[in-house]
**Q** 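Please find one structure pasted underneath; my questions will follow.
None of these values were measured; they are calculated from a predicted model. Just so we're on the same page: letters track the sequence lines, and every chain starts at 1.
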Amino acid sequence: MCGRYVLTSPPEAVAALFEISGDVPNYPPRYNIAPTQPVPVVHCGVDGTGPLKLSLMRWGLVPHWSKGPDSRFSMINARAETLASKPAYRGAFRYRRCLLPANGFYEWKALPKGPRQPYFIAMGDGGLIFFAGLWEHWLGPDGSELASVTIVTTGATGVVREVHDRMPVILCVDEGRDWISGAGGRQGLAELLDAPAPIGLTAVPVSRRVNDPTFDDPSCLEPSEG
DNA sequence: CCAGACGTTGTT
DNA sequence: GTCTGG
DNA sequence: CCAGACGTTGTT
DNA sequence: GTCTGG
């Protein structure tokens with residue numbers, strides 16, 4: 001699964017990769033992004049058309065039919081295997097696919113005994129990766145608005161498998177464009193959800209400081225004994 | 001038909 | 001809104 | 001994901 | 001144990 005991640009590349013770097021021209025949100029380097037927080041998302045319009053944008057959205061998808069924006073119905077992950085059949089995701093899967101830029105993510109490995117050991121999983125060169133996501137636009141009765149997002153997960157492969165059995169669907173820039181546009185049709189989307197994780201992912205055990213979401217600094221990446 | 005859920009993960 | 005369960 | 005709360009009333 | 005907040 002994916003319940004914490006890292007984004008240290010600046011917004012301008014993400015915008016350049018997707019040739020996004022308009023305003024971009026200004027966020028600092030993040031070492032411990034947690035659910036409920038605003039996160040940068042690459043997306044187009046609510047109806048699936050229009051130019052690409054980079055916007056902040058709340059991590060934890062609030063369905064448009066939800067009575068309130070509280071976290072009771074706030075999904076941080078969506079299973080790739082069942083996206084199309086789940087009522088809560090059907091509309092978003094059809095019209096509101098998106099990408100969450102990241103430089104890596106954390107998974108916790110269950111040990112024979114004792115607390116779970118966090119691992120940092122990233123490209124060896126620290127480069128940007130993109131999680132497949134879905135987003136929603138929620139309108140409150142009082143006119144309040146909220147854009148929210150969920151990360152699509154799949155079965156873990158490669159080095160991640162040693163740590164955990166689920167992981168985010170990771171796309172490169174070109175795959176990401178196709179995911180958002182739906183260029184390949186239903187079949188194309190299914191293939192993207194099944195795409196192998198990129199070559200070059202590494203998994204390193206890190207400090208348990210990351211456990212506390214109020215620690216959001218490079219110390220979260222300090223290697224530890226596995 | 002209406003009522004009630006609508007989600008994932010890990011752990012026991 | 002849409003699906004499932006009764 | 002993990003951490004931390006988990007409650008009400010009346011009074012200041 | 002289970003829910004909420006980050």
**Q** Write down the distance separating the P atoms in D:dG10 and B:dA5, rounded off to the nearest Å.
**A**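 Those two atoms are separated by 34 Å.
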**Q** Check every atom of B:dT11, B:dT8, C:dC3 against the side chain of A:T82 and return the nucleotide holding the closest atom.
**A** B:dT8
**Q** Please state whether the phosphate of B:dT9, meaning OP1 or OP2, lies under 4.0 angstrom from any side-chain nitrogen or oxygen of A:R166.
**A** yes
**Q** Quantified in whole Å, what is the C1' atom distance between nucleotide B:dT8 and nucleotide E:dT2?
**A**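 Going atom to atom, C1' in each nucleotide, I get 16 Å.
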**Q** Tell me which nucleotide among E:dG6, B:dT11, B:dT8 gets nearest to the side chain of A:T153.
**A** B:dT8
**Q** A:N32 CG to E:dG6 C1': how many Å, rounded?
**A**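 Taking atom C1' of E:dG6 as the reference, CG of A:N32 is at 9 Å.
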**Q** Nearest whole Å is fine: how far is B:dT12 P from A:R116 CZ?
**A**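 Taking atom P of B:dT12 as the reference, CZ of A:R116 is at 10 Å.
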**Q** Apply side-chain hydrogen bond (donor to acceptor under 3.5 Å, both in side chains) to A:R166 and A:T153, showing your working.
**A** CA-CA 7 Å; A:R166 304 288 300 173; A:T153 64; 3.3 Å; yes
**Q** Can a salt bridge be assigned to the pair A:R96 and A:E136 using a cut-off of 4.0 Å between side-chain N and carboxylate O?
**A**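 Looking at A:R96 and A:E136, the cut-off is met.
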**Q** Within the 4.0 Å heavy-atom criterion, would you say A:R79 contacts the bases, only the backbone, or no part of the nucleic acid?
**A**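 The answer is sugar-phosphate, as A:R79 gets under 4.0 Å only of primed atoms, P, OP1 or OP2.
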**Q** Test A:R209 against A:D217 for salt bridge (Lys or Arg N to Asp or Glu O under 4.0 Å), laying out the working first.
**A** CA-CA 10 Å; A:R209 281 177 65 83; A:D217 58 57; 3.7 Å; yes
**Q** Closest to the A:T36 side chain: E:dG6, C:dG1, B:dC6?
**A**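 Nearest to the side-chain atoms of A:T36, counting from C-beta on, is E:dG6.
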**Q** Quick one: A:K67 NZ to B:dG4 C1', roughly how many Å, whole number?
**A**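 The answer, rounded to whole Å, is 10 Å.
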**Q** Could you give the distance separating C:dC3 and B:dG7 at their C1' atoms, to the nearest angstrom?
**A**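 Roughly 14 Å separates the two C1' atoms.
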**Q** Once you round it to whole Å, what is the distance between P of B:dT8 and CE of A:M167?
**A** 17 Å
**Q** What's the closest nucleotide to the side chain of A:K86 if the choices are B:dT11, B:dG7, D:dC1?
**A** B:dG7
**Q** What is the distance, to the nearest angstrom, from the CG atom on A:L61 to the P atom on D:dC1?
**A** 17 Å
**Q** Determine, using ring centers only, whether A:F131 and A:W179 are less than 6.0 Å apart.
**A**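 Ring centroids of A:W179 and A:F131 are no less than 6.0 Å from each other.
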**Q** If hydrophobic clusters are built by linking Ile, Leu, Val, Met, Phe, Trp and Tyr wherever their side-chain heavy atoms come under 4.5 Å apart, do A:W138 and A:L134 end up in the same one?
**A**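 No: no chain of side-chain contacts under 4.5 Å links A:W138 to A:L134.
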**Q** Given E:dG6, B:dG7, D:dC1, which nucleotide is nearest the side-chain atoms of A:P213?
**A** E:dG6
**Q** The side chain of A:Q37 is closest to which nucleotide in this list: C:dC3, E:dG6, B:dG7?
**A**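 Shortest atom-to-atom distance from the side chain points to E:dG6.
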**Q** Using the six-membered ring for Trp and the full ring for Phe, Tyr or His, decide whether A:W65 stacks on the six-membered base ring of B:dC6 (centres under 5.5 Å, planes under 30°).
**A** yes
**Q** For the pair made of CZ in A:F73 and P in C:dG1, what is the distance, rounded to whole Å?
**A**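 My rounded result for the distance is 16 Å.
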**Q** Counting the atoms with a prime plus P, OP1 and OP2 as sugar-phosphate, which does A:D165 contact under 4.0 Å by heavy atoms, base, sugar-phosphate, or nothing?
**A**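 If one applies the 4.0 Å heavy-atom cut-off, A:D165 turns out to touch the sugar-phosphate alone, with no base involved.
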**Q** Considering every strand and a 4.0 Å limit on heavy-atom distances, what is the contact class for A:A88: base, sugar-phosphate, or nothing?
**A** sugar-phosphate
**Q** Would you indicate what A:P63 reaches in the nucleic acid, counting non-hydrogen atoms under 4.0 angstrom: base, sugar-phosphate, or nothing?
**A**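 No contact at all - A:P63 keeps every heavy atom at 4.0 Å or more from the nucleic acid.
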**Q** In whole angstrom, give the distance that lies between atom CD of A:E81 and atom P of B:dT8.
**A**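 Going from CD in A:E81 over to P in B:dT8 covers 9 Å.
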**Q** Rounded to whole angstrom, note down the C1' distance from B:dT11 over to D:dC2.
**A** 15 Å
**Q** Under 4.0 Å between a Lys/Arg side-chain N and an Asp/Glu carboxylate O for A:E191 and A:R186?
**A** no
**Q** What's the closest nucleotide to the A:H64 side chain, out of C:dG1, D:dC1, B:dT9?
**A** C:dG1
**Q** Can you tell me the base-pairing partner of D:dC1? Count Watson-Crick or G-U wobble geometry only, both distances below 3.5 Å, and say none if there is no partner.
**A**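 Base-paired to E:dG6.
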**Q** Quickly work out the A:L83 CG to B:dG7 C1' distance and round it to whole Å.
**A**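 That distance rounds to 12 Å.
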